[in-house]
There are 2 protein chains.
Amino acid sequence: MIPGMNKARRPQAPRVGSAEGPPGGSVVFLLSSLGFAASRAFQDALAPVGLTPRQFALMNLVATSEGISQGVLTQPLGIPASRLVGIVDELENKGLIERRRNPEDRRYYALHLTAKGRATLNRARRVARDNEERFCTPLEPSEREPLLESLRRLAAGQQLPLGVHPALASPDEDDHGPAPM
Amino acid sequence: MIPGMNKARRPQAPRVGSAEGPPGGSVVFLLSSLGFAASRAFQDALAPVGLTPRQFALMNLVATSEGISQGVLTQPLGIPASRLVGIVDELENKGLIERRRNPEDRRYYALHLTAKGRATLNRARRVARDNEERFCTPLEPSEREPLLESLRRLAAGQQLPLGVHPALASPDEDDHGPAPM
DNA sequence: TATTGTTATACTCTATAACTATA
DNA sequence: TATAGTTATAGAGTATAACAATA
């Protein structure tokens with residue numbers, strides 16, 4: 001399970017306030033509000049590129065591990081295989097990734113980025129960087145690193161795995177059978 | 001629209017990673033991950049009291065404005081009136097709040113906390129405070145205030161209203177007709 | 001005719017489980 | 001018999017719109 005973009009439902013923000021004590025004085029309250037806002041901001045920033053945060057995440061994983069199979073993606077994305085099908089379908093229909101049959105075991109797909117997919121991914125990454133800068137403009141430059149440090153510490157306290165390199169993070173939690181590619 | 005608890009869907013966390021650059025170095029990425037975790041932690045902490053974050057929020061609003069009507073709650077909670085019905089139903093069935101007809105205009109309900117409701121709310125508030133402390137244990141004491149300050153600044157940049165006193169925050173955005181109680 | 005609250009309906013997202021094809 | 005991927009189904013959660021009561 002990779003940490004990730006919070007789901008910011010477009011139609012209507014499902015937000016609920018704690019309203020006790022001073023909300024502006026609660027780390028939990030502020031984090032959940034801001035987390036939602038950050039998620040939504042990212043989603044909006046990414047929209048012009050034609051990607052959802054989830055598609056972006058999937059493409060990043062494929063980029064890091066070309067030839068990865070759908071089943072493996074299941075873990076870091078934290079979604080069941082049945083849902084992956086649709087997401088991969090969308091990206092394939094857009095010509096951003098392709099499914100190649102693995103000749104050695106024809107049950108597996110090997111996912112690859114197309115040239116167009118790589119270009120789109122690069123554009124999306126630039127957009128993500130720009131969004132990060134825009135989001136952080138209210139901060140003093142000197143404020144940024146300490147903030148990140150505090151957030152990292154809180155994340156560790158919540159057992160949130162931070163980096164998690166795709167597919168490779170926990171290669172053999174149960175170690176069943178031959179590792180699919 | 002009040003800032004609020006992020007929706008942490010129980011069945012399965014809908015999380016998606018950005019996975020570009022170092023996620024542990026992105027404020028946006030960390031915030032959305034942590035926001036989700038914070039939201040979930042709060043939800044879990046509140047569960048033993050028998051309240052969802054949304055119910056808790058509603059009760060806090062009623063506590064601050066006894067006799068408030070359902071329609072007014074719509075704004076700070078950011079949900080349509082039709083959904084409010086169910087939430088109020090639940091709380092009423094549990095005997096935590098009651099609907100009284102407003103004799104002056106029998107279209108309105110006047111919502112009030114019951115004695116049991118007040119007791120439950122107090123318990124929930126204690127739980128929220130405890131949860132806040134637990135969540136923040138990874139932080140050095142000296143780290144906490146600067147973190148809050150940075151978060152507040154980011155929230156302001158995202159136009160997130162912080163305190164928002166229930167029902168009273170934006171009493172007349174359009175000013176249509178007599179203000180319901 | 002307008003407004004509060006309610007009910008009905010439809011739509012989206014999701015997970016679980018049945019299915020296929022390969023092995 | 002077991003596994004990768006797919007399709008089918010059902011259950012939440014939600015918004016929109018029609019509705020009833022009151023003004």
Side-chain angles (χ1 to χ4, degrees), chain A residues 1 5-16 39 43 52-55 58 67-75 77-93 97-111 167 174-181, chain B residues 1 5-16 39 43 52-55 58 67-75 77-93 97-111 167 174-181:
Chain A
M1 207 119 79
M5 281 346 245
N6 222 323
K7 182 75 175 286
R9 208 71 71 60
R10 212 81 290 265
Q12 215 279 319
R15 40 187 57 185
V16 175
S39 183
Q43 185 178 347
T52 66
R54 181 158 275 141
Q55 292 171 331
L58 192 152
I68 196 175
S69 72
Q70 291 185 194
V72 173
L73 284 174
T74 263
Q75 284 174 307
L77 289 176
I79 60 180
S82 59
R83 278 195 61 209
L84 228 97
V85 177
I87 303 176
V88 172
D89 281 352
E90 293 163 4
L91 292 172
E92 195 174 34
N93 290 338
I97 68 177
E98 54 181 18
R99 288 190 242 232
R100 302 184 195 156
R101 277 292 179 192
N102 180 337
E104 312 219 342
D105 187 332
R106 298 175 39 75
R107 288 175 301 183
Y108 293 87
Y109 278 129
L111 301 180
D174 265 12
D175 204 328
H176 22 13
M181 220 328 232
Chain B
M1 204 116 80
M5 280 348 245
N6 223 326
K7 183 73 174 286
R9 207 71 71 58
R10 211 78 296 258
Q12 215 278 320
R15 41 188 54 185
V16 176
S39 182
Q43 184 176 347
T52 65
R54 182 160 275 140
Q55 292 170 330
L58 192 152
I68 196 173
S69 72
Q70 291 186 194
V72 174
L73 284 173
T74 264
Q75 283 173 307
L77 289 177
I79 60 180
S82 59
R83 278 195 61 208
L84 227 94
V85 177
I87 302 176
V88 172
D89 281 350
E90 293 164 3
L91 292 173
E92 196 175 34
N93 291 339
I97 68 177
E98 53 180 18
R99 290 189 240 231
R100 302 184 195 157
R101 277 291 180 194
N102 182 338
E104 314 218 344
D105 187 333
R106 298 175 40 76
R107 288 175 302 184
Y108 295 87
Y109 278 129
L111 301 180
D174 265 12
D175 204 327
H176 22 10
M181 205 349 216

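Values reported hereafter were calculated over all heavy atoms of this structure, with side chains retained and with hydrogens, waters and symmetry mates removed. Lettering of chains follows the sequences in order, A, B, ..., and the numbering in each one begins at 1.
The shortest non-hydrogen separation linking Gln70(A) to Leu84(A) is O-CD2, 3.4 Å.
Atoms CD (Gln70(B)) and C1' (dA21(D)) sit 14 Å apart, rounded to a whole Å. Remark: C1' of dT22(C) and CD of Glu104(A) are 15 Å apart, rounded to the nearest angstrom. In this structure, Leu77(A) places its CG atom 12 Å from P of dA15(C), rounding to the nearest Å. Between Leu111(A) atom CG and dA4(D) atom C1' there is a gap of 12 Å when expressed in whole angstrom units. Between the CZ atom of Arg101(B) and the P atom of dA20(D) there is a distance of 16 Å, rounded to whole Å. As a whole-Å value, the separation of Leu84(B) CG from dA15(D) P is 11 Å. In this entry the distance linking CG of Asp89(B) with P of dT4(C) reads 19 Å, nearest Å. In this entry the distance linking CD of Gln75(B) with P of dG5(C) reads 12 Å, nearest Å.
Cation-pi contact between Arg101(A) and Tyr108(A): absent, since separation from the ring centre below 6.0 Å together with deviation from the ring axis within 45° is not met.
Between Tyr109(A) and dG5(D) there is no side-chain polar atom (N or O) within less than 4.0 angstrom of OP1 or OP2. Contact annotation: Arg99(B) reaches the phosphate of dT6(C) (side-chain N/O to OP1 or OP2, under 4.0 Å). Using a 4.0 Å cut-off, some side-chain N or O of Arg83(A) falls inside it from OP1 or OP2 of dT14(C).
Residues Pro103(A) and Arg107(B) each lie close to DNA chain C; by heavy-atom proximity, the contact nearer the 5' end of the strand is made by Arg107(B).
Applying the 3.5 Å distance criterion, the base of dT22(C) shares no donor-acceptor pair with the side chain of Arg106(A). For dT14(C), its base never sits under 3.5 Å from the side chain of Ser82(A) at any donor and acceptor pair.
For the atom pair CD of Glu90(A) and CZ of Arg54(A), the computed distance is 10.5 Å after rounding to the nearest 0.5 Å. With rounding to the nearest 0.5 Å, the separation of CG in Leu111(A) from CG in Leu91(A) is 9.5 Å. Here the CD1-CG distance, from Ile68(B) to Leu58(B), works out to 8.5 Å after rounding to the nearest 0.5 Å.
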